[in-house]
**Student:** 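After the structure tokens below, expect a handful of questions from me.
Just so we're on the same page: letters track the sequence lines, and every chain starts at 1.
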There are 2 protein chains.
Amino acid sequence: MRLRDENKELAIREKALGMIVEEGFDGLSMHKLAKAAGVSPATIYIYFKDRDDLIMQIFETENTRMTEITLDGFSPEMHFEEGLRIQWLNRARYCLENPERMHFMEQIRYSPFHERLQGSSKSTFIHAMRTWAQNAIARGELVPLPMEVYWSVAFAPLYQLVKFHMSRHGLPGSKKFTLDEPIMNQTLELVIKALTPQ
Amino acid sequence: MRLRDENKELAIREKALGMIVEEGFDGLSMHKLAKAAGVSPATIYIYFKDRDDLIMQIFETENTRMTEITLDGFSPEMHFEEGLRIQWLNRARYCLENPERMHFMEQIRYSPFHERLQGSSKSTFIHAMRTWAQNAIARGELVPLPMEVYWSVAFAPLYQLVKFHMSRHGLPGSKKFTLDEPIMNQTLELVIKALTPQ
DNA sequence: AGATAATAAAAGAACGTTCGTTTATTTTTG
DNA sequence: CAAAAATAAACGAACGTTCTTTTATTATCT
């Protein structure tokens with residue numbers, strides 16, 4: 001028996017992620033990937049069923065990592081403002097410290113892959129978010145809203161800021177935009193103002 | 001002299017857009033596209049320099065259409081709330097009436113293509129938006145903010161709602177979400193609350 | 001302990017297919 | 001009939017995947 005070389009699988013995963021980010025899904029070919037990972041094409045098929053399985057598995061791994069970071073230090077019993085602030089910090093941290101992985105996730109999210117993956121993702125995360133929101137509403141800390149409305153106002157602005165931050169050019173006619181803590185807090189205050197009663 | 005058949009070019013463009021939406025960028029092959037459009041592969045190269053040029057041109061066309069719809073009935077001199085409401089209606093209209101085209105635009109936006117296209121897009125649109133925001137700030141109708149912060153709060157929630165609307169499954173554990181006018185108005189009110197002084 | 005059988009990892013070459021694109025030719029029409 | 005559109009056929013290259021062989025490692029047996 002010969003043991004699997006974990007470094008090989010890791011190299012394949014990382015290079016694949018990088019290739020997708022830099023060249024898109026067209027850019028990921030098994031031959032080029034094998035060469036980049038220092039591996040034979042056939043070796044990839046020891047670790048992954050096929051090209052789709054490779055992409056799916058990378059997504060699952062990355063999704064898990066993102067979820068863990070997002071929920072770090074968070075609890076559904078938290079007060080609304082505290083919980084939202086922690087979530088924003090966590091999500092921003094993930095995005096800014098892992099720009100390449102973030103890019104990959106976004107590319108998946110807006111590709112036909114995402115529909116296929118929708119069902120497989122864990123709902124514990126969504127459940128935590130939901131009970132947290134419901135608690136906040138019950139306490140009168142949050143305006144009663146459909147989940148989707150609440151979510152759109154609470155988090156979409158943050159991800160748009162991140163997208164501005166990651167794009168090389170800012171808005172045409174602007175300087176390059178950098179998402180720092182003051183900017184984030186300023187935006188967060190607006191969102192809190194929108195979602196808080198009175 | 002034989003004239004070009006406009007229907008041919010149109011068929012190529014539409015089928016290509018559809019293929020990208022349904023199968024991603026991998027899914028767009030020139031042979032399959034030719035067959036789908038009822039045309040010889042070589043014919044495509046009469047209208048488009050190469051595969052990339054085809055995608056770019058479709059994007060440019062679609063971008064122009066989207067911009068026109070977005071600015072329909074809008075003027076930079078408008079009061080903030082009126083302008084924002086019109087923009088929301090226009091953008092929502094485009095998204096909901098052209099889900100396939102919207103999907104295409106998003107897929108481009110989150111792919112490596114987008115970086116290449118960034119510079120080519122017209123800045124008149126951005127300019128109109130900017131002066132409108134500056135007017136509103138000068139009138140005290142809008143909190144003074146960096147353009148990116150303002151943009152993120154003003155429009156990102158709408159696009160997130162659209163994304164919920166377009167995804168087949170809602171949030172796990174929810175019913176399918178439908179973006180109707182009451183929901184849109186409710187969200188818009190929150191955004192206005194966030195961006196309006198006091 | 002040393003030889004060897006067993007087994008899975010890994011590699012390289014090859015599979016048939018499909019890719020994007022071009023060439024040579026025919027068809028259409030001003 | 002000239003000229004451009006349109007095509008069928010073909011190009012080499014690259015694709016995803018598999019087949020066959022080699023290599024490395026563990027377990028077993030003497």
**Student:** Could you check how far OH of A:Y47 sits from P of D:dT17, rounded to whole Å?
**Tutor:** 18 Å
**Student:** Counting only heavy atoms and a strict 4.0 angstrom limit, can you tell me which residues of residues 16-34 of chain B come near DNA chain C?
**Tutor:**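 Correct list: B:L28, B:S29, B:M30, B:H31, B:K32.
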**Student:** Can you tell me how far C1' of D:dA3 sits from CD1 of B:I46, to the nearest Å?
**Tutor:**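 So the CD1-C1' distance, B:I46 to D:dA3, works out to 13 Å.
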**Student:** If you assign each of B:I44 and B:M1 to its closest nucleotide in DNA chain D, which residue comes earlier from the 5' end?
**Tutor:**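 It is B:M1, whose closest nucleotide lies nearer the 5' terminus.
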**Student:** Figure out the CZ/P separation between A:R4 and C:dA11, and round it to whole Å.
**Tutor:** 13 Å
**Student:** Tell me the interatomic distance from B:K35, atom NZ, to D:dT7, atom P, rounded to whole angstroms.
**Tutor:**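 Whole-Å distance recorded here is 13 Å.
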**Student:** Is there a donor in the side chain of B:E189 and an acceptor in the side chain of B:N185, or the other way round, less than 3.5 Å apart?
**Tutor:** no
**Student:** Over how many whole Å does the gap from A:E9 atom CD to C:dA8 atom P extend?
**Tutor:**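 Checked: the CD to P distance equals 18 Å.
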**Student:** Would you mind reading off the distance between B:K8 atom NZ and D:dA6 atom P, rounded to a whole angstrom?
**Tutor:**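 Going from B:K8 (NZ) to D:dA6 (P), I get 5 Å.
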**Student:** Check the surroundings of atom NZ in A:K176: do more than 12 heavy atoms from other residues, nucleotides or ligands lie under 6.0 Å from it?
**Tutor:**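 Check passes, neighbour count above 12.
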**Student:** Would you say C:dG12 has OP1 or OP2 under 4.0 Å from some side-chain N or O of A:S40?
**Tutor:** no
**Student:** Would you tell me whether B:R4 and B:Y47 have side-chain atoms, one donor and one acceptor, within less than 3.5 Å of each other?
**Tutor:** no
**Student:** If every non-hydrogen atom of B:P112 is compared with every non-hydrogen atom of A:I20, which pair is closest and at what distance?
**Tutor:**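 The answer is CG-O, 4.3 Å.
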**Student:** Can you find a side-chain donor-acceptor pair between B:Y94 and B:R101 that sits under 3.5 Å?
**Tutor:** no
**Student:** Any donor-acceptor pair under 3.5 Å linking the side chain of B:E141 with the backbone of B:F80?
**Tutor:** yes
**Student:** What is the distance, to the nearest angstrom, from the OH atom on A:Y45 to the P atom on D:dC15?
**Tutor:**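 To the nearest whole Å, that distance equals 11 Å.
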**Student:** Is a salt bridge present between A:R109 and A:E106, judged by a nitrogen-to-oxygen distance below 4.0 Å?
**Tutor:**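 So A:R109 does not pair with A:E106 through a salt bridge.
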**Student:** Ignoring hydrogens and angles, answer whether the base of C:dA9 and the side-chain atoms of A:R2 contain a donor-acceptor pair closer than 3.5 Å.
**Tutor:** yes
**Student:** Looking at B:E9 and B:R13, does any basic side-chain N land under 4.0 Å from a carboxylate oxygen?
**Tutor:**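 Between B:R13 and B:E9 there is a salt bridge, with a charged N closer than 4.0 Å to a carboxylate O.
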**Student:** Round to the nearest Å and state the distance from A:L10 atom CG to C:dA9 atom P.
**Tutor:**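 That distance rounds to 17 Å.
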**Student:** Examine B:Y110 and B:I55 and state if one hydrophobic cluster contains both, with Ile, Leu, Val, Met, Phe, Trp and Tyr joined whenever side-chain heavy atoms are less than 4.5 Å apart.
**Tutor:** no
**Student:** Which ones in residues 48-56 of chain B lie close to DNA chain C, meaning a heavy atom under 4.0 Å from one of its atoms?
**Tutor:**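 Per residue number, the list reads B:D50, B:R51.
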